[in-house]
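Only one structure is covered here, and it is reproduced in the block below.
Counting from 1, the numbers follow the sequence of the chain as shown. What you are looking at is a predicted structure, and each value in this text was computed from that prediction instead of being measured. Side chains included, hydrogens not; waters and symmetry mates left out as well; all remaining heavy atoms used. Start at 1 and go down the list; that is how both ligands and their atoms are numbered.
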Amino acid sequence: MTGAAGQIGSELVPALREKYGVDRVVATDIRMPGPPTTAPQGPFEYLDCTRADQVQEVVRRYRVRAIYHLAALLSAIAESRPQAAWNLNMGGLYHVLEVARQYRCAVFFPSSIGAFGPTTPRDMAPQDTVQRPTTMYGVTKVSGELICDYYASRFGVDVRGLRLPGLISHVAPPGGGTTDYAVEIFYQAIRYRHYTCFLRGDTALDMMYMADAIRAILQLMEADRTRLIHHNAFNVTAINVTPERLATEIRKHVPEFVIDYEVDPIRQAIADSWPRSVDDGAARAEWDWSPAYDVAAMTKDMLEKLGTKLRPAR
Ligand SMILES: NC(=O)c1ccc[n+]([C@@H]2O[C@H](COP(=O)([O-])OP(=O)(O)OC[C@H]3O[C@@H](n4cnc5c(N)ncnc54)[C@H](O)[C@@H]3O)[C@@H](O)[C@H]2O)c1
């Protein structure tokens, strides 16, 4: 796995190790993973995925069969550093696909709702639709989807992927995306009973609890290939929510919680360029996708898990 120390990798590594064996999952990143947890620790390698030689060396040495390619710059950071985002998001993916072609590895590639743009239908964005994103993140995600499709059809590489919505999790902090508010709000609700949100209160976006995202990745990678019509870039979703709605849900557990708004024009513009919701019918039909957490179940679990980790500020 590349980018294994990030928000998704911090939970996908232990999940894969539990399923396939601790020593059979090689975590790699350019920074060390977070503090050791109770989960058994397996192999970790320094790997900069913009370096083809480093990708190849780890794949060769460990006889890797599948690459989970998570390393990327996320939407808000990519907008502040577009050249670096192109270099990492496209350069890293290209090296991964080339090595996968040569060493016959399967590949998992996480695309995003950021792969859509303002001309995509805004409600229930279809699986196959117009994709003209206006952010560098979106440009790299659409290009990534296309080059994955090319390696699948031209070279027979088994590349599978999801268009993930904003992910909500309590293990590792988010890495600079537009949907980060939906994680920060929980930390601030517990610590300060107050959160200042950088998106407008009525900004509807699709989200998913990390437990569902991990299950989706494992399920897609194990899906029967003959049933997959799309194989890559599947829309998946679980929760459709606005900051106002999330605050209302949190208030059911933390009645004194207050939300106010200081809108960041850059992140608001990114959110406004994305669909309000997506249609995940293809994932449901082709590999039986079905989320377990709605907004109420996710909120309850987030507050319980974070409540044991954080102390309220005095
Ligand atoms: N988290 C979300 O809400 C979300 C939603 C949709 C799609 N995705 C996609 O999922 C993937 C993982 O997202 P995440 O939230 O875990 O990201 P993250 O920012 O939390 O983690 C990315 C990791 O990549 C590492 N990295 C940076 N440069 C690298 C390099 N040159 N070589 C190797 N590693 C490098 C970072 O150190 C970091 O640990 C990304 O492709 C992202 O676009 C995430």
Side-chain angles (χ1 to χ4, degrees), residues 1-13 15 26-34 44-55 57-58 67-81 84-96 99 107-116 133 135-145 148 161-184 205-210 212-214 216-217 220 233-239 241 267 270-271 274-275 278 298:
M1 185 183 306
T2 68
Q7 189 193 8
I8 298 179
S10 299
E11 297 190 51
L12 185 56
V13 168
V26 189
T28 77
D29 205 298
I30 53 168
R31 60 183 173 129
M32 290 301 286
F44 176 84
E45 297 284 339
Y46 177 92
L47 190 162
D48 177 349
C49 66
T50 63
R51 296 271 309 270
D53 56 331
Q54 293 185 8
V55 179
E57 160 60 14
V58 171
I67 306 174
Y68 291 75
H69 178 51
L70 304 186
L73 288 195
L74 270 65
S75 56
I77 308 266
E79 226 28 53
S80 66
R81 299 169 56 206
W86 177 266
N87 190 34
L88 172 58
N89 295 12
M90 293 315 298
L93 177 60
Y94 176 70
H95 297 320
V96 163
V99 170
V107 174
F108 172 75
F109 171 66
S111 187
S112 156
I113 53 169
F116 296 121
T135 63
M136 178 50 93
Y137 183 65
V139 168
T140 65
K141 287 302 183 189
V142 180
S143 311
E145 291 180 6
C148 286
L162 302 171
R163 287 188 193 123
L164 292 166
L167 298 181
I168 301 174
S169 68
H170 55 81
V171 174
T178 303
T179 52
D180 290 9
Y181 90 81
V183 179
E184 290 170 5
L205 288 169
D206 274 352
M207 304 272 174
M208 187 181 288
Y209 199 34
M210 189 62 87
D212 273 335
I214 300 297
I217 295 170
L220 173 65
F234 281 99
N235 285 359
V236 279
T237 186
I239 296 167
V241 82
R267 283 182 286 190
I270 296 176
W274 291 352
V278 304
M298 177 277 293

Point to revise | Heavy-atom proximity to atom 31 (N) of ligand 1, best of Ile217, Asp48, Thr178 | key: Asp48

Point to revise | Closest protein heavy atom to atom 12 (C) of ligand 1, given as residue, atom name and distance to 0.1 Å | key: Leu70 O, 3.2 Å

Check your understanding: Which bit of Ala172 gets closer than 4.0 Å to ligand 1, counting heavy atoms only: side chain, backbone, both or neither?
Key -> neither

Exercise for review: Classify the contact between Gln7 and ligand 1 as side chain, backbone, both or neither, using a heavy-atom distance cut-off of under 4.0 Å.
Suggested key: both

Practice item. Using modelled atom types only, decide if a donor and an acceptor are shared between the side chain of Ser10 and the backbone of Gln7 within a distance under 3.5 Å. Key: no

Revision key, fill the gap. Between Val58 and Val26, the two heavy atoms sitting closest are CG1-CG1, 4.2 Å

Revision key, fill the gap. For Met90 and Gly144 the tightest heavy-atom approach is CE-N, 4.0 Å

Review point. Going by the atom numbers of ligand 1, which of them fall below 4.0 Å from some non-hydrogen atom of Ala71?
Key: 24 (O), 33 (C), 34 (N), 35 (C)

Check your understanding: So is Lys141 in contact with ligand 1, going by heavy-atom distances below 4.0 Å?
Key -> yes

Review point. Is Ser111 near ligand 1, meaning one of its heavy atoms is under 4.0 Å from it?
Key: yes

Practice item. Could you please spell out the steps behind the side-chain contact (heavy atoms from CB on, under 4.5 Å) verdict for Ile217 and Ile8? Key: CA-CA 10 Å; Ile217 295 170; Ile8 298 179; 4.2 Å; yes

Practice item. Around atom 24 (O) of ligand 1, find the nearest protein heavy atom and jot down its residue, atom name and distance. Key: Gly3 CA, 3.4 Å

Point to revise | Whether Phe109 and His69 hold their rings parallel, tilted or perpendicular, with breakpoints at 30° and 60° | key: parallel

Exercise for review: Measure Leu88 to ligand 1 on non-hydrogen atoms and call it side chain, backbone, both or neither using the 4.0 Å cut-off.
Suggested key: side chain

Practice item. Give a yes or no on whether the backbone of Met136 and the side-chain of Glu79 come within a donor-acceptor separation of less than 3.5 Å. Key: yes

**Study point:** Heavy atoms of other groups near Tyr94 OH, more than 12 under 6.0 Å
**Key:** no

Review point. Is the shortest distance from a heavy atom of Leu74 to ligand 1 less than 4.0 Å?
Key: yes

Check your understanding: Which ligand 1 atoms, with their elements, are less than 4.0 angstrom from a heavy-atom of Ser112?
Key -> 6 (C), 7 (C)

Check your understanding: With no hydrogens and no angle check, is any side-chain donor or acceptor of Ser75 less than 3.5 Å from a backbone partner on Thr178?
Key -> yes

Review point. What residue and atom, counting heavy atoms only, is the protein's closest point to atom 21 (O) of ligand 1, and at what distance?
Key: Gly6 CA, 3.3 Å

Exercise for review: Between Pro174 and ligand 1, find which residue part has any heavy-atom pair under 4.0 Å and reply side chain, backbone, both or neither.
Suggested key: neither

Review point. Does Cys49 have a non-hydrogen atom less than 4.0 Å from ligand 1?
Key: yes

Check your understanding: Which atom pair, heavy atoms only, marks the closest approach of Ile67 to Val96?
Key -> CG2-CG1, 3.8 Å

Practice item. May I ask which of Asp29, Asn87, Leu47 has a heavy atom nearer to atom 33 (C) of ligand 1 than the others do? Key: Leu47

Point to revise | Ala71 backbone acceptor or donor facing Thr2 side chain under 3.5 Å | key: yes

Revision key, fill the gap. the protein heavy atom lying closest to atom 3 (O) of ligand 1 turns out to be Leu167 N, 3.0 Å

Practice item. List the atom of Asp212, the atom of Ala238, and the distance in Å for their closest heavy-atom pair. Key: OD2-CB, 4.3 Å

Exercise for review: Can you figure out which of Leu12, Ile30, Thr28 has its heavy atom closest to atom 29 (C) of ligand 1?
Suggested key: Ile30

Exercise for review: Examine ligand 1 and decide if any of its atoms is less than 4.0 Å from a heavy atom belonging to Tyr137.
Suggested key: yes

Practice item. Examine Arg31 against ligand 1 and note whether any of their N/O atoms are separated by less than 3.5 Å. Key: yes

Check your understanding: So which heavy atom in the protein is nearest atom 22 (C) of ligand 1, and how far is it from that ligand atom?
Key -> Ala72 O, 4.0 Å

Practice item. I would like to know whether Thr28 and Tyr46 meet side-chain contact (heavy atoms from CB on, under 4.5 Å); could you show each step before the answer? Key: CA-CA 6 Å; Thr28 77; Tyr46 177 92; over 6 Å; no

**Study point:** Closest approach of Asn89 to Thr140 (non-hydrogen atoms, all atoms of both residues)
**Key:** ND2-OG1, 3.1 Å

Review point. Among protein heavy atoms, which sits nearest to atom 13 (O) of ligand 1, and what does the distance come to when rounded to 0.1 Å?
Key: Ile8 CD1, 3.8 Å

Practice item. Determine, using heavy atoms of Pro165 and all atoms of ligand 1, whether some pair is separated by less than 4.0 Å. Key: yes

